[in-house]
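Input: a single structure, listed below in structure tokens.
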Amino acid sequence: MASTNKTVDPALRRAARRVTWALGLLAAVAVGWLLIARASGTLLTRSAEATAMGYARYVSDVTPGLPALFDTHVLSPEVRDQLKRLTRLGEVFRFKLFDREGRLVLVSDDLDRDVKAPTDAGQSLGGHHGANSHVRTIVLGGANFIEIKSGQGKADRPETYVEAYVPMITAGRVIGVVEVYVDQTAAAARIQTAFVQVSAVVGGLLIVFGVALGVQVRSRFAERRKAAERMRFLAEHDVLSGALNRASFQDALQCAAWRTEQGGPGFAVLCIDLDRFKEVNDTYGHGAGDAVLREVTDRLRSLLRHGDLIARLGGDEFAVLQSAVQNAGDVERLASRIVHALGEPLEFSGQRILCGASVGAARFGADADTVSELLHKADVAMYRAKSGGRGRYSFYDAELDKQLAERRNLAVDLRRAIADDAVSLHFQPLYAADGSNLLGYEALMRWTHPTRGAVPPAEFIPLAEEVGHIEILGEWALRRACAEAAKWPAPLSVSVNLSAAQFRGRTSLVQVVAQALDAAGLPANRLTLEITESLLMTNTEASLKTLEALAAMGVQIAMDDFGTGYSSLAYLWRFRFDKVKIDRAFTQDLDKDNRVALIVRSIVTLAHSMGIRVNAEGVETAPQLDRLRRLGCDEMQGFLLGRPQPVERLVHDEPPGVVPSTPTSPELKDINTAPMVF
């Protein structure tokens, strides 16, 4: 029995030792596996969190309209375009925006489908029932929320991805929360490969595992460093061109100013604005516009020395920090090279595109003592170059700065006048060729400034177009004119001038006109809309479609200032106008040059052959009226027949005070023939 125990016990002990080693090995593998899984999950979570937070900061920095989107749930075209560019950036492939209350504002998937941002505060969160609590916790200062998910079986999801809720912060305030979707498939695949390798090599598992884990950690940290460097680059540079963005350029200017103040070299700022960039976008599309911006950046880089910097401040505005400036000549030489380089044609899809640029320059210490003042004065100089004919450079001018300040103040007053309904309409009568048969009135905007008095329309209407008020102002004028005309005896009509900006407005012009007619109860054929031929010079096809839709409603369409543009005749056969208005310049020169009469007769003959009526503007003397009548004009308007009057002073059943029958009537000697700005 004892011998049996002796023979059995060693075998049992060996078996027990093998089992113990196997169990120990399995336990070590299991522990190692759990450690690896936990470490990989931690790495994935931290990496995704860093990526998501960097992405949120970058989106906040480069999308100025985000606060308004979170507050109003209204998605502007500019913010939409910017968010489209940021939809896929690095490992980020999707995002959702929530406001501070946890309500869904925008899903990036909808940007390509032109779905507007939801405005219904009660809208469903689409399966994100936990988003409300996550958002409120983040808004109140809690931690971010990270969740690793699998996209297997979902065509629009990576195999492994992370959903991270992080705050969007602007000016130190949480304006909302973004749910960022981060693709972690590559990282997960690397970890899975490490698992397979560990399983295949049982002997020395812990050592191999430790080495593999160390390699994995080092690789992941290297990738994180690269991602951080990429995010930092994107935070400091313009995505499209690769030039510095506005914030980084400001920082660079502050550093340059500090060095100069400490006795270092001087520097200058050159502001650059492309002269015909809008025409490039309208004619060739935004793809061509983006290509032009990249080419402009490359050309500017080729002109700079070591230490010089280039930035894209927004749209088609660029700026250059010129370092080591000793005198104005250094700046002038660089400005001249920039104008020359950007004046050369650019190539896009076989097309030669002419853009050109205007450059304004200011030197630190000579023109300005602070960075903000330096930028302002360089911008004023650029405006001076543009107003001087474009395709040139200019230095800062104090008088122009004063004029621009006055213009800015006038723009503020105009905004207030529009809000306070302080702009009014006057109406100038339109008569048939006999000068006594009233046909209707042309509505003309008037503005009386509280301190400056009457501001000419030729001053405040271009200003309204420049600062973006013309759409509101034009819609107001259209509604008011229709409402007044509806009170007049039929068939008196009203003519309203349209701005080119109204054709590109946020609201359809056809819809605006239809609503104005509807609200007033005015028949469409008693409304005439006047456009200038310059409108058709850009975005022609879209403008013609709008005009065709308006004509289909029964509205009359007139071409104003006919004969003063570059391609008047080209559009008479592309769109059937109801009326052309001969520019007042022809009327004023009618008695001075017989060739003017030949031109007017040609215009009348051509228009009548196409069934188009002819209106003559600026009739201020009896000889002009008589001669225009004999030349065949159908309608007349001008001081002779009636000045613009407020609506309460209109008298519809009285002919004008003097209707001459011959060009030499003596009773017209005292008529005021001073020209008027319409």
Pair His426-Arg643, side-chain contact (heavy atoms from CB on, under 4.5 Å): steps then yes or no: CA-CA 9 Å; His426 284 202; Arg643 293 172 177 270; over 6 Å; no
Tyr441 and His652: aromatic ring centres closer than 6.0 Å? yes
Of all heavy-atom pairs between Arg276 and Cys355, which one has the smallest distance, and what is that distance? NH2-O, 3.2 Å
Measure the spacing between CD1 of Ile531 and CG of Leu550 and express it to the nearest 0.5 Å. 9.5 Å
Run the side-chain contact (heavy atoms from CB on, under 4.5 Å) test on Thr63 and Val79 for me, step by step, so that the C-alpha distance in whole Å, both residues' side-chain angles and the decisive distance to 0.1 Å come before the verdict. CA-CA 7 Å; Thr63 313; Val79 174; 3.9 Å; yes
Quick one: are Val647 and Leu425 in side-chain contact, heavy atoms under 4.5 Å? no
Sub-3.5 Å donor-acceptor pair from the side chain of Arg576 to the main-chain atoms of Gly611, do we have one? yes
With no hydrogens and no angle check, is any side-chain donor or acceptor of Thr605 less than 3.5 Å from a backbone partner on Ser602? no
Considering only NZ, NE, NH1 and NH2 on the basic side and carboxylate oxygens on the acidic side, decide whether Asp81 and Lys84 come within less than 4.0 Å. no
If you measure from the Lys or Arg side-chain nitrogens to the Asp or Glu carboxylate oxygens, is any gap between Arg480 and Glu484 under 4.0 Å? no
Could you measure the distance from the CZ atom of Arg584 to the CG atom of Asp589? Nearest 0.5 Å is fine. 11.0 Å
Measure the shortest side-chain to side-chain distance between Asp634 and His608 over non-hydrogen atoms and say whether it is less than 4.5 angstrom. yes
Of all the heavy-atom pairs spanning Ala519 and Arg479, show the shortest one and how long it is. CB-NH1, 4.4 Å
For a quick test of reading the model, state the closest non-hydrogen atom pair linking Ala597 to Leu631 and the distance between them. O-CD2, 3.9 Å
With side-chain contact (heavy atoms from CB on, under 4.5 Å) as the test, pick out the partner of Tyr431 among Leu625, Leu438, Leu439, Leu640. Leu438
For a 4.5 angstrom cut-off between non-hydrogen side-chain atoms, does Val614 reach Phe562? no
Test item: Pro457 and Met445 side chains (from C-beta on) under 4.5 Å apart, heavy atoms: no
Shortest non-hydrogen separation from Pro489 to Arg526 and the atoms involved: O-NH2, 3.9 Å
Any donor-acceptor pair under 3.5 Å from Asp578 side chain to Ile557 backbone: yes
Between Thr587 (side chain) and Glu617 (backbone), is there a donor-acceptor pair under 3.5 Å? yes
Look at the side chain of Gln624 and the backbone N and O of Leu590, then say whether any donor-acceptor pair between them is shorter than 3.5 Å. no
In this structure, CD of Gln588 is separated from CG of Asp593 (nearest 0.5 Å) by 14.0 Å
Could you give the distance from CD (Gln556) to CG (Leu527), rounded to the nearest 0.5 Å? 9.0 Å
Main-chain N/O of Lys579 paired with Arg613 side-chain donor or acceptor, under 3.5 Å: no
Would you please test Ile272 and Glu317 for side-chain contact (heavy atoms from CB on, under 4.5 Å) and show each step? CA-CA 6 Å; Ile272 305 154; Glu317 290 185 65; over 6 Å; no
4.5 Å side-chain heavy-atom contact, Phe348 and Asp290: no
If you round to the nearest 0.5 Å, how far is CD of Gln515 from CG of Leu478? 10.5 Å
Give a yes or no answer on whether the side chain of Arg80 reaches the backbone of Leu83 with a donor-acceptor pair at less than 3.5 Å. no
Side-chain donor-acceptor contact under 3.5 Å, Asp275 with Ser358: yes
On a heavy-atom basis, the closest approach of Arg384 and Ser394 is CD-OG, 3.0 Å
4.5 Å side-chain heavy-atom contact, Val359 and Leu342: no
Do Leu444 and Asn497 come within less than 4.5 Å of each other through their side chains, counting heavy atoms only? yes
Atom of Phe639, atom of Pro644 and distance for their closest heavy-atom approach: CE1-CD, 4.3 Å
Between CG on residue Asp316 and CG on residue Asp273, distance to nearest 0.5 Å: 4.5 Å
Show the numbers, then the answer: is there a side-chain contact (heavy atoms from CB on, under 4.5 Å) between Leu293 and Phe318? CA-CA 10 Å; Leu293 293 175; Phe318 291 83; 3.9 Å; yes
In the structure I gave you, are the side-chain heavy atoms of Ile599 and Ile582 within less than 4.5 Å of one another anywhere? no
